[in-house]
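Working notes, structure below.
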Amino acid sequence: MVGGEKWVPGTESPCSIGFSVTRSGGTKAFLTAGHCTNDADQAAYGKDGTRVGTSNKNGTGSVNAAEGDFGIVDVDQAGWQTAPAVSGWGKGDVTLTGSAEAVVGTAICRSGQTTGFQCGEVTKVNQSVDYGNVVINGLSYSSACSAGGDSGGSYVTATGGKAVGLHSGGGSATCSSGSGEKFTIFQPVNEALAKFGASLVTSAPQPGEVTVAAVSARTGPTGTPVELRNSAEGGTALHLVRHRPPGRPVRRPGHRDDIRHPDHGRHLLRHRHGHRHRRPQGLHLLHLDRHRPRHGSPVLAAPGNQNLTVGRPFSLALRASGGTAPYAFSATGLPAGLGIDAATGLVSGTPTAWGFRNVTLTVTDATGKKASATATFTVWS
């Protein structure tokens with residue numbers, strides 16, 4: 001049982017496997033979408049058409065209401081085994097090492113039997129979504145794309161192999177066609193694990209350098225509180241993640257700034273068996289002091305050495321301060337398959353060959369002053 005692969009509830013349309021889990025009594029199962037598991041004690045079939053087990057056993061394994069959109073299928077047929085893996089559909093399978101809460105800005109990838117492996121970032125959390133026949137609370141949004149049949153599939157962090165969510169719905173446009181927005185909606189996985197008293201089937205994380213989860217660039221008006229959470233893994237705990245904006249005082253321990261904004265407007269949704277639905281859209285923040293001059297030369301934060309895997313998406317956000325904005329970023333010596341966004345400093349791509357490269361990363365400010373940092377990028381096969 002591999003996340004993102006096909007499973008079929010009875011004689012209905014196929015859905016996608018979320019994550020392999022172990023029940024509290026030690027029995028095998030997998031998580032998927034609640035709207036795929038509505039019928040109690042329904043036969044469940046795998047990608048080869050043979051029976052896998054029983055969906056919504058005894059009528060206690062499906063939630064498709066205000067509480068959430070998640071279900072569980074018991075794997076009770078011989079020959080089927082659970083696995084700590086999510087299919088990368090030719091881009092490198094992901095080995096699960098645990099779970100994580102969805103945080104706005106985190107780079108994620110989703111896997112489903114219709115559109116395969118698609119990546120983006122978390123754009124909203126804790127949203128209420130009106131699917132027409134039901135309003136579901138506590139769902140999250142991403143900028144990835146999807147299509148019908150991806151329901152129940154896996155959401156994982158782009159680095160670190162953390163399970164994040166289960167596919168619930170998507171925008172009016174699919175990955176390959178249609179007009180309108182391309183976005184997806186997912187159910188946070190930890191809520192489903194707690195509801196069913198289940199634990200993820202995981203593998204021990206690989207040792208190596210500390211890896212900080214990729215986050216997208218953030219903009220906002222001067223004087224508005226902003227919260228951006230970082231997470232890290234690898235190396236040896238304890239990890240301390242700090243970021244000090246240029247020219248700003250360090251906050252006292254225990255102080256927390258929260259950002260809140262209302263939702264405005266409504267946009268059409270699709271998927272969930274062809275129905276059209278609506279969702280709220282959040283207010284976009286505008287950065288108002290992008291061109292404020294800063295004194296001195298720019299400084300580029302050293303990202304540290306990086307460990308990558310052939311065929312697995314990678315991203316690394318560079319951080320610059322000082323000097324005079326806007327900045328321009330460049331890099332020399334990147335492994336094959338990687339590139340850098342000159343405006344944002346995001347190094348991203350999918351490595352195509354193993355080996356190690358000594359990479360020089362450079363930032364140039366608006367006055368032409370430069371700063372550089374070096375890092376070793378090791379690509380494993």
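Looking at heavy atoms from C-beta onward, V73 lies out of side-chain contact with M1 at the 4.5 angstrom threshold. Between P351 and L338, some side-chain heavy-atom pair lies under the 4.5 Å cut-off. Using a 4.5 Å heavy-atom cutoff, the side chains of V189 and Y155 are not in contact. For the pair T50 and Q77, the minimum side-chain heavy-atom distance is 4.5 Å or more. Considering only heavy atoms from C-beta on, L31 stays 4.5 Å or farther from F70 through its side chain. Between F329 and D341, every side-chain heavy-atom pair lies at or beyond the 4.5 Å cut-off. Side-chain contact between N58 and D41 is present, with at least one heavy-atom pair separated by less than 4.5 Å.
Without hydrogens or angle criteria, R110 side chain to C145 main chain gives a donor-acceptor distance under 3.5 Å. Distance alone, capped at 3.5 Å, is enough to place a donor-acceptor pair between the D93 side chain and the G88 backbone.
Atom NZ of K195 has 12 or fewer heavy atoms from other residues, nucleotides or ligands within 6.0 Å.
Residues V201 and V156 do not share a hydrophobic cluster, clusters being chains of Ile/Leu/Val/Met/Phe/Trp/Tyr side chains in contact below 4.5 Å. Connection of I17 to I108 is not established within any shared hydrophobic cluster, with ILVMFWY side chains joined at heavy-atom distances below 4.5 Å, either directly or through further cluster members. Hydrophobic clustering (side-chain heavy atoms under 4.5 Å, transitive across Ile, Leu, Val, Met, Phe, Trp, Tyr) keeps V75 apart from F19. Taken together through direct or relayed side-chain contacts under 4.5 Å among Ile, Leu, Val, Met, Phe, Trp and Tyr, L166 and V164 form parts of separate hydrophobic clusters.
Of the listed residues (S168, S143, C175, S146), just one forms a side chain to side chain contact (heavy atoms under 4.5 Å, CB included) with T184, and that residue is S146. For the side-chain hydrogen bond (donor to acceptor under 3.5 Å, both in side chains) criterion with H35, the lone passing option out of D69, N133, N64 is D69.
Between F30 and W7, the angle of the ring planes goes over 60°, which puts this pair in the perpendicular group of the 30/60° scheme.
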Walk me through it: do V94 and F117 pass the test side chain to side chain contact (heavy atoms under 4.5 Å, CB included)?
CA-CA 10 Å; V94 178; F117 200 69; 3.9 Å; yes
